[in-house]
Asker: 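I'd like to ask you about the structure that follows.
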Amino acid sequence: MAKLDLEKVRNIGISAHIDSGKTTLTERILFYTGRIHAIHEVRGKDGVGAKMDSMDLEREKGITIQSAATFCTWKDTQINIIDTPGHVDFTVEVERALRVLDGAILVLSGVEGVQSQSITVDRQMRRYGVPRLAFINKLDRSGANPHRVVEQLREKLRLNAIMTQLPVGLEEAHEGVIDLIEMKQIIFKGDNGEDIQISDVPEDRMEEAKAARLELCGAAADYDDEVGEKFLMEEEIGVEELKRAVRKGVIGLKLVPVFMGSAFKNKGVQVLLDAVDSYLPSPNDIENKALDLDKNEEEFPLTSDPEKPLVMLAFKLEDGRYGQLTYMRIYQGTVSKGDTIINTSTGRKLKVPRLVRLHSDEMEDVQSASGGDIIAMFGVDCSSGDTFTDGKINASMTSMHVPDAVISLAIAPKDKSAVTNFSKALNKFTKEDPTFRVHRDEESGETIISGMGELHLEVYVERMSREFGVTVTTGKPQVAYRETITQKTDFMVTHKKQTGGSGQFAKIGGYIEPLEEDFEGNYEFVNKIVGGTIPREFIPACDKGFQEQLQKGILVGFPLIGVRVEINDGGFHAVDSSEMAFKICAMAAIRETVPNANPSVLEPIMKVEVSAPEEFQGTVMGQINQRRGMIAGTTTNEGYTVIEAEVPLTEMFGYSTDLRSGTQGKGEFTMEFSRYMQVPKQIQEDLIKEYQKKRAEENK
């Protein structure tokens, strides 16, 4: 295999808000680079679907769910591309891609501009320090305005965005662009935009183009001394000098050059590919770091030198037709088929069975790959985020940021015979997606799946049916209610049992009361026995009995919390008293006293933060109020409103769907547990009736 010229390698991601045209853009890139020979649309009438949407589900829904990997060659540059989802529910796929990329293209719609997910993607790019270009897409659509989008990039994302092109016509009249660096007009003709006509800038637009180029030169002058000097002296800045300055600004994360066109109408894509080559970094331009596990996790730099010790990161797992497929980014060294590699997270050694380069769901075998490359392997048992070396070095890459799950769903197989496949599916999904979590609710006995949103879980339920043949029933998960008491109540309970021979005797007196709000913990036991009315050895049995009985409340069967129990009196029998007798007596004390202590049901309250464009503020607040929410505060920043509220968890199911429909898909929310609070009287009565009905059915 020929040695890779790293200067001619680009590892890039394409990410954006949902429906901005990322997958369509990738499809055009593959067409112009000769990787595919016909263009198919995301929701095409030919039924083929976009090349990068290889899952049936993706083709049906017209959205990207998993990031797909491919590579292509433009002129003499090899480009590894990861096409990532834009939907907020699949955010971990974006995190995974950005973790291993050297550069990115941020795609924006020329009509909608900067949207909520564009802000999320930008935040993720900043987290991983990813240099980027911006591509304003859909200039053929009615209402397209690239100038407004550039302003939004500056105001909403605080990016130093600078136009490198001007549009030639907008909406139906969109034909191409004016390149401000080379000062040429580029028109895209032909069925697939492959006929490129380059000419001088028309006279009637020369003034506008000169002013825009001057602005571009002024922005680039800050990153290159020669260009800066010429700009100050008002001398002509050459094409190559300007390109060099823009590249320095991009790699230094200081400048975001803006390109434009219409991927759907095949305009502007080839020029964007030239820009990827000219401005985005090669693996040599990016400094990656690893942690030396032999030196107390001391950071050290990695270089893409193929001769150095191997360091590579597994950034994505996928169960393919031939078993687990592991996507790897090689940061340093060389890996070949048959080599022995070590997983530094587990210490396990394994032989590299097969190396492939990926083209969506197709693959090409390769014998070896080196620093800077992205490849995939079969037969590697590992987790997402594991580091591999050749054993000459003991290093680890820092792990990815995995967001917390925001929604849960109770799930069970319809057919009892499908339990094995049901378990297999859950194991597979949790391994390949760290944001998909599974646990068994001990209180309700249900299997609960948790994820980033309803669509996220819906996709896994659908995949369970398609890939494993398991039809499942889903329900609203059982909310983990709690019970408490609201007033102090005394008790004096005697437990007496006589059955031939030694009997059982215990007597306990004291009181129960609610704990103070600021008390840490949910239960306190206070022993105030004096004078040996209860022998010391029986005191722990009393504590045990109280705790055991508090596990099941009397109103809705959930644990009692916020209770203090004090014992201060009692009695015993020299022969008939025992630990068991005092434990039973303590349990009876709770059972008999709680109904007189004015018990009530508590529900979990979630701290919810909703962000949406300002025009939807009223809608969002209305939705929160309808869900028994208490609004704690609102802040408005750059056209976006952030509303903080406390909402009962039971009211949050179905909220993401309502929020999206009420905000045209632009609203997002996060939630986390805050505290427990009493439920309103009417709801408590309904819950008690439901619990009594359930008990009656169980006792039949």
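Heavy-atom basis, side chains included; hydrogens, waters and symmetry copies ignored.
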Asker: Can you confirm whether R244 sits close enough to E226 that some side-chain heavy atom of one is under 4.5 Å from a side-chain heavy atom of the other?
Answerer: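 Yes, side chains in contact.
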Asker: Spell out, as yes or no, whether a donor-acceptor pair under 3.5 Å connects the side chain of E151 to the backbone of V149.
Answerer: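 No, E151 side chain to V149 backbone: no donor-acceptor pair under 3.5 Å.
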Asker: Using the side-chain contact (heavy atoms from CB on, under 4.5 Å) rule, pick out the option among D200, V168, L166 that qualifies with Q185.
Answerer: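 Only one option passes, and that is V168.
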Asker: Any donor-acceptor pair under 3.5 Å linking the side chain of T334 with the backbone of S370?
Answerer: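 Checking the backbone N and O of S370 against the side chain of T334, no donor-acceptor pair under 3.5 Å is found.
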Asker: With a 4.0 Å cut-off on N to O distance, would you call E207 and R205 a salt bridge?
Answerer: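 No salt bridge links E207 with R205.
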Asker: In Å and rounded to the nearest 0.5 Å, what is the CG to OH distance from L133 to Y279?
Answerer: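 Here the rounded value is 9.0 Å.
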Asker: Indicate whether any N or O donor in one side chain lies under 3.5 Å from an N or O acceptor in the other, for N80 and R10.
Answerer: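 The answer is no; no qualifying pair exists.
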Asker: If you round to the nearest 0.5 Å, how far is CG of L273 from CH2 of W74?
Answerer: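 Answer for the CH2-CG pair, W74 versus L273, is 5.0 Å.
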Asker: Would a distance-only check, ignoring hydrogens and angles, find a side-chain to backbone donor-acceptor pair under 3.5 Å from D102 to L280?
Answerer: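 Here the side-chain-to-backbone pair does not exist.
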Asker: Working to the nearest 0.5 Å, report the span between CG of L310 and OH of Y331.
Answerer: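 The OH atom of Y331 is 12.5 Å from CG of L310, to the nearest 0.5 Å.
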Asker: Using side-chain heavy atoms (C-beta onward) and a distance below 4.5 Å, is L25 in contact with I14?
Answerer: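 Counting from C-beta outward, L25 and I14 do come under 4.5 Å.
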Asker: Pair L313, M328 - check side-chain contact (heavy atoms from CB on, under 4.5 Å), show working.
Answerer: CA-CA 5 Å; L313 178 78; M328 300 271 197; over 6 Å; no
Asker: Please tell me if the side chains of L355 and V366 come closer than 4.5 Å, counting only heavy atoms from C-beta onward.
Answerer: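 Side chain of L355 against side chain of V366, heavy atoms only: contact under 4.5 Å found.
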Asker: Do R28 side-chain atoms and N266 backbone N/O form a donor-acceptor pair below 3.5 Å?
Answerer: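 Side chain of R28 to backbone of N266: no pair is present.
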Asker: Taking only residues at least two apart or on different chains, which pairs with a member in residues 170-183 satisfy salt bridge (charged side-chain N to carboxylate O under 4.0 Å, His left out)?
Answerer: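 The answer is E175-K189, E182-K243.
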Asker: Please report the C-alpha distance between D277 and K75 in whole Å, then the side-chain angles of each, then the deciding distance to 0.1 Å, and finally whether the side-chain contact (heavy atoms from CB on, under 4.5 Å) criterion is met.
Answerer: CA-CA 9 Å; D277 183 23; K75 295 174 180 173; 5.5 Å; no
Asker: If you compare all heavy atoms of E7 against all heavy atoms of S282, which two are closest, and at what distance to 0.1 Å?
Answerer: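 In this case the closest contact between E7 and S282 is OE1-OG, 3.8 Å.
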Asker: Over all heavy atoms of both residues, which pair between P146 and L170 is shortest? Give the atoms and the distance, please.
Answerer: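 Minimum heavy-atom contact is CD-CD2, 3.8 Å.
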Asker: Is there a side-chain contact between I79 and T77 in this structure, where contact means two heavy atoms from C-beta onward sitting under 4.5 Å apart?
Answerer: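 Yes, at least one pair of side-chain atoms sits under 4.5 Å.
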Asker: If only atom types and distance count, is the side chain of H174 paired as donor or acceptor with the main-chain N or O of L139 below 3.5 Å?
Answerer: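 Between the backbone of L139 and the side chain of H174 there is no qualifying donor-acceptor contact (under 3.5 Å).
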Asker: After noting the C-alpha distance and the side-chain angles of D305 and Q332, does the key distance pass the side-chain hydrogen bond (donor to acceptor under 3.5 Å, both in side chains) rule?
Answerer: CA-CA 6 Å; D305 187 340; Q332 183 174 280; over 6 Å; no
Asker: Mark yes or no: R329 above the aromatic ring of Y327, with NZ or CZ under 6.0 Å from the six-membered ring centre and no more than 45 degrees from the axis.
Answerer: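 Negative - R329 is either too far from the ring of Y327 or too far off its axis.
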Asker: Taking E241 for the side chain and G238 for the main chain, is one N or O donor matched with an acceptor at less than 3.5 Å?
Answerer: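 Here the side-chain-to-backbone pair exists.
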Asker: Report yes if some heavy atom in the side chain of L216 is under 4.5 Å from a heavy atom in the side chain of I181; otherwise report no.
Answerer: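 Of all side-chain heavy-atom pairs linking I181 with L216, at least one is under 4.5 Å.
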Asker: Quick one: closest heavy-atom pair of P257 and T164, and the distance?
Answerer: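 Nearest pair, atom of P257 first, then T164: CB-CG2, 3.5 Å.
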Asker: Does Q165 form a side-chain contact (heavy atoms from CB on, under 4.5 Å) with L272? I'd like the steps, not just the answer.
Answerer: CA-CA 11 Å; Q165 298 173 339; L272 180 65; over 6 Å; no
Asker: Any donor and acceptor pair, going by atom type alone, linking the side chain of R154 with main-chain N or O of A161 inside 3.5 Å?
Answerer: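 Yes, R154 side chain to A161 backbone: donor-acceptor pair under 3.5 Å.
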Asker: Decide yes or no on side-chain contact (heavy atoms from CB on, under 4.5 Å) for I237 and F231, but give the supporting numbers first.
Answerer: CA-CA 7 Å; I237 295 166; F231 183 73; 4.1 Å; yes
Asker: For a 4.5 angstrom cut-off between non-hydrogen side-chain atoms, does Q270 reach I196?
Answerer: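 With C-beta onward as the side chain, the pair touches.
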Asker: Measuring from atom SG of C72 to atom CD1 of I81, what distance do you get when rounded to the nearest 0.5 angstrom?
Answerer: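 One finds 4.0 Å between SG of C72 and CD1 of I81.
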Asker: Only one of V269, D195, V271 clears side-chain contact (heavy atoms from CB on, under 4.5 Å) with F188; which?
Answerer: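 For F188, the side-chain contact (heavy atoms from CB on, under 4.5 Å) test succeeds with only one of V269, D195, V271, which is V271.
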Asker: Can you name the nearest heavy-atom pair linking L153 to A134, along with the distance?
Answerer: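 Closest approach of L153 to A134, heavy atoms only: CD1-CB, 4.1 Å.
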Asker: How about E234: does its CD atom have over 12 heavy atoms from other parts shown lying under 6.0 Å from it?
Answerer: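 No, the 6.0 Å shell around CD holds no more than 12 heavy atoms from other groups.
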Asker: Got a second to check how far R660's CZ is from F669's CZ, nearest 0.5 Å?
Answerer: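 CZ of F669 is found 7.5 Å from CZ of R660.
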Asker: Sub-3.5 Å donor-acceptor pair from the side chain of D365 to the main-chain atoms of V356, do we have one?
Answerer: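 No; zero donor-acceptor contacts below 3.5 Å.
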Asker: With heavy-atom distances below 4.5 Å as the criterion, would you say the side chains of I187 and S199 are in contact?
Answerer: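 A side-chain contact under 4.5 Å is absent here.
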Asker: Checking the side chain of R213 only, and the main-chain atoms of L180 only, is there a donor and an acceptor separated by less than 3.5 Å?
Answerer: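 Pair found, side chain donor or acceptor close to backbone of L180.
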Asker: Heavy atoms, side chains only, cut-off 4.5 Å: are I12 and I105 in contact?
Answerer: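 Yes, their side chains come closer than 4.5 Å.
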Asker: Is the number of heavy atoms from other residues, nucleotides or ligands under 6.0 Å of E229 CD greater than 12?
Answerer: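 No.
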Asker: Run the salt bridge (charged side-chain N to carboxylate O under 4.0 Å, His left out) check on R132 and D122 step by step: do they pass?
Answerer: CA-CA 10 Å; R132 74 208 79 160; D122 175 66; 2.3 Å; yes
Asker: I need the N284 CG to K8 NZ distance, nearest 0.5 Å.
Answerer: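 One finds 12.5 Å between CG of N284 and NZ of K8.
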Asker: How close do S262 and F135 get, heavy atom to heavy atom, and via which atoms?
Answerer: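 Closest pair (atom of S262, atom of F135, distance): N-CZ, 4.4 Å.
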Asker: Test: salt bridge (charged side-chain N to carboxylate O under 4.0 Å, His left out). Region: residues 247-267. Which pairs qualify, not counting sequence neighbours?
Answerer: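 The answer is D140-K265, D224-K248, R247-D285.
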Asker: Which heavy atom of C217 sits nearest to which heavy atom of L242, and what is that distance?
Answerer: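 That would be SG-CD2, 4.0 Å.
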